[in-house]
Amino acid sequence: MGLSKKQAEKLVIGCINNDRTAQEALYRLFYADMLRVCYSYLSEKELAKEAFNTGFLKVFQSIQNFDIEKGELGGWIRKIMIYTSIDLCRKELKFSPVTATVHEGDDFFISPSILEKLYFEDILVNIRTLPKATQTVFNLSVLDGFSHKEISEQLNISEGTSRWHLAEAKRKLRSLLETSVGSTGRPKERSEKTK
């Protein structure tokens, strides 16, 4: 976010003191990025907005707990948004115990040449086609860097189930992305809706 430590400290102190100007500045500064975080977990716009608003409420209620010496303000807010989004979608997720073994070496390679030819929106559309549980594990692991242990704790599933969902997401996405690029090696034309 390009926010210096001094600027972040000034915003935090203002928010702790219930200064409306500081609260509004913090909200405006992180609005787009944090709404995008919520939207990556919740495909329904209304649920994403609900998570976003609830997340910012939590930010303002607990900002006095933020330690400027131990972390970056944007990262701290992002984590709150992720956890709030997970809380909201957790009740909709259906995880089944998985008996298939996934080995750490099992990784489905997607060629960088395929990825660079796709638009971000196209990739997001493909991620959204995954089953909700698989999509959530993929987002936590790949987009937000959570370990399988952290994912299992957040979603109340085993680490093996988390690994299986990640492998399944990668397998399905590889197939979808290769289809999106098509045999010409170029991305298929985007529809007017996604432009």
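What's counted below: heavy atoms across the whole structure, side chains too, no hydrogens, waters or symmetry copies. Along the sequence shown, the residues carry numbers beginning at 1.
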ask   = What is the minimum heavy-atom distance between Ile157 and Val137, and which atoms define it?
value = CD1-CG2, 4.3 Å
ask   = Where is the tightest heavy-atom contact between Ile80 and Thr84, given as atom of each residue plus distance?
value = O-OG1, 2.7 Å
ask   = Is a salt bridge present between Glu72 and Lys5, judged by a nitrogen-to-oxygen distance below 4.0 Å?
value = no
task = Rounded to the nearest 0.5 Å, what's the gap from CD on Glu168 to OG1 on Thr134? Could you check?
result = 6.0 Å
inquiry  = A quick test of your reading: do over 12 heavy atoms of other residues, nucleotides or ligands sit less than 6.0 Å from NZ of Lys58?
reply    = yes
task = Rounded to the nearest 0.5 Å, what's the gap from CG on Asp67 to CG on Leu73? Could you check?
result = 12.0 Å
key: Minimal non-hydrogen separation, Leu130 against Gln135, with atom names   = O-OE1, 3.9 Å
What donor-acceptor contacts under 3.5 angstrom involve side-chain atoms of residues 45-56, with partners at least two apart or in another chain?
{"unit_1": "Asn53", "atom_1": "ND2", "unit_2": "Lys49", "atom_2": "O", "d": "3.2"}
{"unit_1": "Thr54", "atom_1": "OG1", "unit_2": "Glu50", "atom_2": "O", "d": "2.8"}

query = Is there side-chain contact between Lys172 and Pro131, with heavy atoms separated by less than 4.5 Å?
reply = yes
remark   = Rounded to the nearest 0.5 angstrom, the CD1-CD distance for Ile13 and Gln64 is 13.0 Å
message = Quick one: does any side-chain atom of Ser40 pair with a main-chain N or O of Val37 as donor and acceptor, under 3.5 Å?
response = yes
query = Roughly how far, to the nearest 0.5 Å, is CG of Asp87 from CD of Gln154?
reply = 7.0 Å
query = Donor-acceptor pair, Ser85 side chain versus Met81 backbone, under 3.5 Å?
reply = yes
inquiry  = Ignoring hydrogens, what is the shortest heavy-atom contact between Phe66 and Gly71? Give both atom names and the distance.
reply    = CZ-O, 3.5 Å
query = Does the pair Thr129 and Leu173 meet the rule for a side chain to side chain contact (heavy atoms under 4.5 Å, CB included), with working shown?
reply = CA-CA 9 Å; Thr129 65; Leu173 284 173; 5.5 Å; no
For the student: nearest non-hydrogen atoms of Ser158 and Ser152, plus distance = C-CB, 3.8 Å
ask   = Once you round to the nearest 0.5 Å, how far does CD1 of Ile77 lie from OH of Tyr27?
value = 12.0 Å
message = Whether the side chain of Ser62 engages the backbone of Asn65 through a donor-acceptor N/O pair (distance < 3.5 Å, no angle test) should be reported.
response = no
ask   = Are Leu140 and Ile82 close enough that some pair of their side-chain heavy atoms sits under 4.5 Å apart?
value = yes
query = Are the side chains of Ile63 and Leu11 in touch, meaning some heavy atoms are under 4.5 Å apart?
reply = no
message = Looking at Glu159 and Arg163, is there a salt bridge between them, counting it only when a charged N and a carboxylate O are closer than 4.0 Å?
response = yes
key: Sequence-distant partners of Ser147, side-chain contact (heavy atoms from CB on, under 4.5 Å), two or more places apart   = Lys149, Glu150
inquiry  = Is there a side-chain contact between Tyr41 and Asp144 in this structure, where contact means two heavy atoms from C-beta onward sitting under 4.5 Å apart?
reply    = yes
inquiry  = Within this structure, what is the CG-NZ distance for the pair Leu166 and Lys170, rounded to the nearest 0.5 Å?
reply    = 4.5 Å
request  = Could you tell me which residues satisfy side-chain hydrogen bond (donor to acceptor under 3.5 Å, both in side chains) with Asp19, sequence neighbours excluded, listed by chain and number?
outcome  = none
inquiry  = Using modelled atom types and a 3.5 Å cut-off, is there a donor and acceptor pairing between side-chain atoms of Glu24 and backbone atoms of Thr21?
reply    = no
key: Closest heavy-atom pair and its distance - Gly74, Phe30   = CA-CE2, 3.4 Å
ask   = Same cluster or not: are Tyr31 and Trp76 linked, directly or through other Ile, Leu, Val, Met, Phe, Trp or Tyr residues, by side-chain heavy atoms under 4.5 angstrom apart?
value = yes
query = Within a radius of less than 6.0 Å around CG of Asn17, do more than 12 heavy atoms belonging to other residues, nucleotides or ligands occur?
reply = yes
